[in-house]
Amino acid sequence: MDADTRRDLSLWCIWTACAAGLVHAAFSLYWAVGGQWLLDTVGRWAVEQSVLEPLRTGLILAVVALIKIAAAHLPVALAYGQLSVAGYWRAACWAGAVLLVLYGGANMAVSQAVLSGLVRPETGYDRAAMIGHAWLWDPLFLLWGAALLGYLLLTRTGPRTGPAAGSDAGSDADAAPGSG
């Protein structure tokens, strides 16, 4: 793959990851201010908590939304060379991407297995929440993580040989898009 195609694809990946994270964040923020649409797809417990303890639930969801917003924007800032200690942030992005893929993929698979009847919980299950996790929230986590992994893989630099091999030159650090 040529350098321009690689750069373009990496940018598509990072912006796709950002968009997926911001969709998650937007819903958390919407629910934090009292919105109810699709809250039942998170779980009956979420609806109950929003009614029983609206202030506490709102504050928790606001914090969750802020964390998701930061997690969606940090990789973009990294991609555009806006973060110092890029190696640290890149490692954090690797960890986050792997966690998002594992969490989203596992929960999506389990939810789909329950909905299809392959797994039958003894105590029953919350159908709306299971649909939400099988077809919306967890696939969105999976997309977020997979797109972030795509960016990280496409922008990875290999080890170099020669006099610079012992320096930072061959590290897994980022270059700003379009800089090389």
Side-chain angles (χ1 to χ4, degrees), residues 1 6 8-76 78-79 90-156:
M1 175 179 330
R6 188 179 206 83
D8 292 347
L9 189 53
S10 74
L11 290 176
W12 183 89
C13 286
I14 200 65
W15 284 109
T16 299
C18 183
L22 291 177
V23 168
H24 259 288
F27 273 95
S28 295
L29 194 56
Y30 167 73
W31 295 324
V33 297
Q36 294 290 308
W37 184 55
L38 293 177
L39 186 57
D40 64 331
T41 64
V42 174
R44 201 173 302 130
W45 63 270
V47 175
E48 291 169 2
Q49 285 301 303
S50 73
V51 171
L52 295 174
E53 297 185 65
L55 181 59
R56 179 178 178 270
T57 303
L59 290 173
I60 291 169
L61 284 168
V63 169
V64 168
L66 291 174
I67 291 168
K68 288 176 180 179
I69 290 168
H73 279 103
L74 282 170
V76 173
L78 177 68
R90 190 167 176 87
C93 287
W94 276 103
V98 168
L99 288 171
L100 285 166
V101 166
L102 292 175
Y103 178 82
N107 284 325
M108 182 181 77
V110 168
S111 297
Q112 290 176 356
V114 169
L115 288 171
S116 70
L118 291 173
V119 173
R120 296 173 194 253
E122 290 180 19
T123 59
Y125 64 91
D126 179 346
R127 183 163 175 77
M130 206 59 63
I131 290 170
H133 287 281
W135 298 107
L136 181 57
W137 307 119
D138 294 319
L140 197 53
F141 277 129
L142 179 59
L143 173 64
W144 185 359
L148 183 53
L149 276 177
Y151 164 77
L152 292 165
L153 289 169
L154 287 164
T155 58
R156 188 173 176 177

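Both backbone and side-chain heavy atoms feed into the values below; hydrogens, waters and symmetry mates do not.
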Please report the interatomic distance NE2(H73) to NZ(K68), rounded to the nearest 0.5 Å. 14.5 Å

Please verify the inter-ring angle class for F27 with Y30; under 30° counts as parallel, over 60° as perpendicular, anything in between as tilted. perpendicular

Please tabulate, for the side chains in residues 97-105, all donor-acceptor contacts under 3.5 angstrom to protein atoms that are two or more places apart in sequence or on a different chain.
none

Testing the basics here: between P75 and A70, what is the closest heavy-atom pair and its distance to 0.1 Å? CD-O, 4.5 Å

Using the test side chain to side chain contact (heavy atoms under 4.5 Å, CB included), find all partners of A46 that sit at least two apart in sequence or belong to another chain. L39, V42

Non-hydrogen atoms of A32 and A62 that approach each other most closely: CB-N, 3.6 Å

Inter- and intrachain pairs under side chain to side chain donor-acceptor pair (under 3.5 Å), touching residues 108-135, at least two apart: H133-D138

Reported CG-to-CG distance for the pair L142 and L149, which is rounded to 0.5 angstrom: 9.5 Å

Got a sec, which residues hit side chain to side chain donor-acceptor pair (under 3.5 Å) with T16, two or more places apart in sequence or on another chain? none

Measuring from atom CZ of F141 to atom NE2 of H24, what distance do you get when rounded to the nearest 0.5 angstrom? 4.0 Å

Which heavy atom of A17 sits nearest to which heavy atom of A147, and what is that distance? N-CB, 3.6 Å

What's the separation between atom OG in S10 and atom CG in L153, rounded to the nearest 0.5 Å? 11.0 Å

I'd like to check L38 versus L136 (side-chain heavy atoms, cut-off strictly below 4.5 Å). Are they in contact? yes

Mind listing the closest non-hydrogen atom pair of G43 and A129 along with its distance? CA-CB, 3.5 Å

In chain order, what residues pass the side chain to side chain donor-acceptor pair (under 3.5 Å) check against W15, with sequence neighbours excluded? Y80

Knowing that exactly one of L152, L154, V76, L78 qualifies, which makes a side chain to side chain contact (heavy atoms under 4.5 Å, CB included) with I14? V76

Approximate separation, where rounding is to 0.5 Å, of L61 CG and L29 CG: 9.0 Å

Within residues 37-63 or reaching into it, pairs that qualify as side chain to side chain donor-acceptor pair (under 3.5 Å) - sequence neighbours excluded: Q36-S50, T41-W137

Contact between P121 and V114 at the side-chain level, heavy atoms closer than 4.5 Å - yes or no? yes

Of all heavy-atom pairs linking A134 and M108, the shortest is O-CG, 3.3 Å

Taking atom types as modelled, is there a side-chain donor on R6 or T155 under 3.5 Å from an acceptor on the other? no

